[in-house]
Amino acid sequence: STDCRAAARDSFSELHEYACHLFTQRVAQQCQVVPHASVRGPEILYGVGCVLRHRVHHYHGVVFGWDNTCRASEEWIQRMNVDSLRFGRNQPFYRVLVDARDRPFDQVTYVAQENITSEITRFDQVRHSEIGRYFSHFEERHGENAGSWWGEDRTVAYIPNRELTLQYPLDREGAERRRNKPAAEATAEEVVDDADELMDMLF
């Protein structure tokens with residue numbers, strides 16, 4: 001019945017979240033690093049390595065971190081008028097390396113999710129001196145190889161390096177792009193596949 005399916009879906013969602021937590025802690029223990037404190041939820045639309053464009057200022061950049069809600073200081077929140085945004089401080093925020101062609105001096109921004117879009121107008125590499133600190137390489141894909149992350153025939157992305165993957169162990173670009181599903185819709189086999197993929201890469 002519909003009720004049974006809904007109950008089963010809710011139960012698996014809780015199980016999946018717990019499995020994610022256990023896997024994150026396992027990676028941290030084995031590699032002696034501190035993973036990102038937040039478990040990735042369905043409200044996070046973009047992953048590390050995603051190339052985005054700012055809706056208002058139109059600059060391009062690449063995501064190298066995110067928070068489920070704004071974790072900036074209260075002073076910064078007030079200065080940037082965060083609470084005047086439609087979803088305020090209670091929405092995901094992303095750390096972005098800004099393309100130097102759009103803004104000079106290797107800027108880094110902390111951007112509300114409502115202010116960014118994956119509808120980019122430039123498909124070459126982002127120019128920023130810190131790219132190599134967080135990413136191993138850049139990929140451009142066409143047609144079927146583009147995946148469904150953005151639902152487009154052409155896409156670009158950066159592949160996180162080992163250190164960034166350890167900080168966001170369930171946010172690896174390859175795993176995120178391959179299905180574009182929120183946690184509640186992932187299957188047990190997909191969770192295991194992601195874990196095996198990451199462990200093979202690390203060890």
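- The main-chain N or O of Glu43 is found under 3.5 Å from a side-chain atom of Gln113 such that the two form a donor-acceptor pair.
- When only modelled atom types and interatomic distance are considered, Gln91 and Glu114 share a side-chain donor-acceptor pair under 3.5 Å.
- A continuous path of Ile, Leu, Val, Met, Phe, Trp and Tyr side chains, each step under 4.5 Å between heavy atoms, connects Trp66 with Val108, placing both in one hydrophobic cluster.
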Stepwise side-chain contact (heavy atoms from CB on, under 4.5 Å) check, Gln78 with Asp83: CA-CA 8 Å; Gln78 296 300 324; Asp83 292 327; 3.8 Å; yes
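- Checked by atom type and distance alone, the side chain of His60 never pairs as donor or acceptor with a backbone atom of Val98 at under 3.5 Å.
- Taking the six-membered ring where the residue is Trp, His54 and Tyr59 present tilted rings, their angle falling between 30° and 60°.
- Under a hydrophobic-cluster definition in which Ile, Leu, Val, Met, Phe, Trp and Tyr are linked whenever side-chain heavy atoms come within less than 4.5 Å, directly or via other members, Val111 and Leu85 are assigned to different clusters.
- Listed for the Asn161 side chain is a donor-acceptor partner under 3.5 Å among the backbone atoms of Leu164.
- Take Asn90 and apply the side-chain hydrogen bond (donor to acceptor under 3.5 Å, both in side chains) test, not counting sequence neighbours, and it matches no residue.
- The side-chain heavy atoms of Ile44 and Asn68, taken from C-beta on, include a pair separated by under 4.5 Å.
- Within the 4.5 Å cutoff, no side-chain heavy atoms of Tyr168 are placed close to those of Leu166.
- Phe93 is listed as a side-chain neighbour of Val82, based on a closest heavy-atom distance under 4.5 Å.
- A salt bridge does not link Arg127 to Asp102: none of the charged nitrogens lies less than 4.0 Å from a carboxylate oxygen.
- Residue Arg133 places its CZ atom among 12 or fewer non-hydrogen atoms of other residues, nucleotides or ligands, all under 6.0 Å distant.
- Checked against side-chain contact (heavy atoms from CB on, under 4.5 Å), Arg79 has the following partners two or more places apart in sequence or in another chain: Glu75, Trp76.
- Put simply, Tyr110 and Leu97 are part of two different groups of oily side chains (I, L, V, M, F, W, Y) that touch within less than 4.5 Å, one to the next.
- A distance of 3.5 Å separates OG of Ser129 from CG of Asp106, quoted to the nearest 0.5 Å.
- Contact of the Thr109 side chain with the Arg103 side chain is registered, since non-hydrogen atoms from C-beta on lie closer than 4.5 Å.
- Inter-residue side-chain proximity for Cys70 and Ile77 is flagged as met; some heavy-atom pair is nearer than 4.5 Å.
- Looking at heavy atoms from C-beta onward, His128 lies out of side-chain contact with Val62 at the 4.5 angstrom threshold.
- Looking only at side-chain heavy atoms (C-beta outward), Glu130 and Phe64 stay at 4.5 Å or farther from each other.
- Remark: the backbone N or O of Val56 is paired with a side-chain donor or acceptor of His58 at under 3.5 angstrom.
- Between the side chain of Thr117 and the main chain of Arg55, no donor-acceptor pair closer than 3.5 Å is present.
- Taking 4.5 Å as the limit, every side-chain heavy atom of Arg89 sits out of range of all side-chain heavy atoms of Thr69.
- Between the side chain of Glu163 and the backbone N or O of Tyr134 there is no donor-acceptor pair closer than 3.5 Å.
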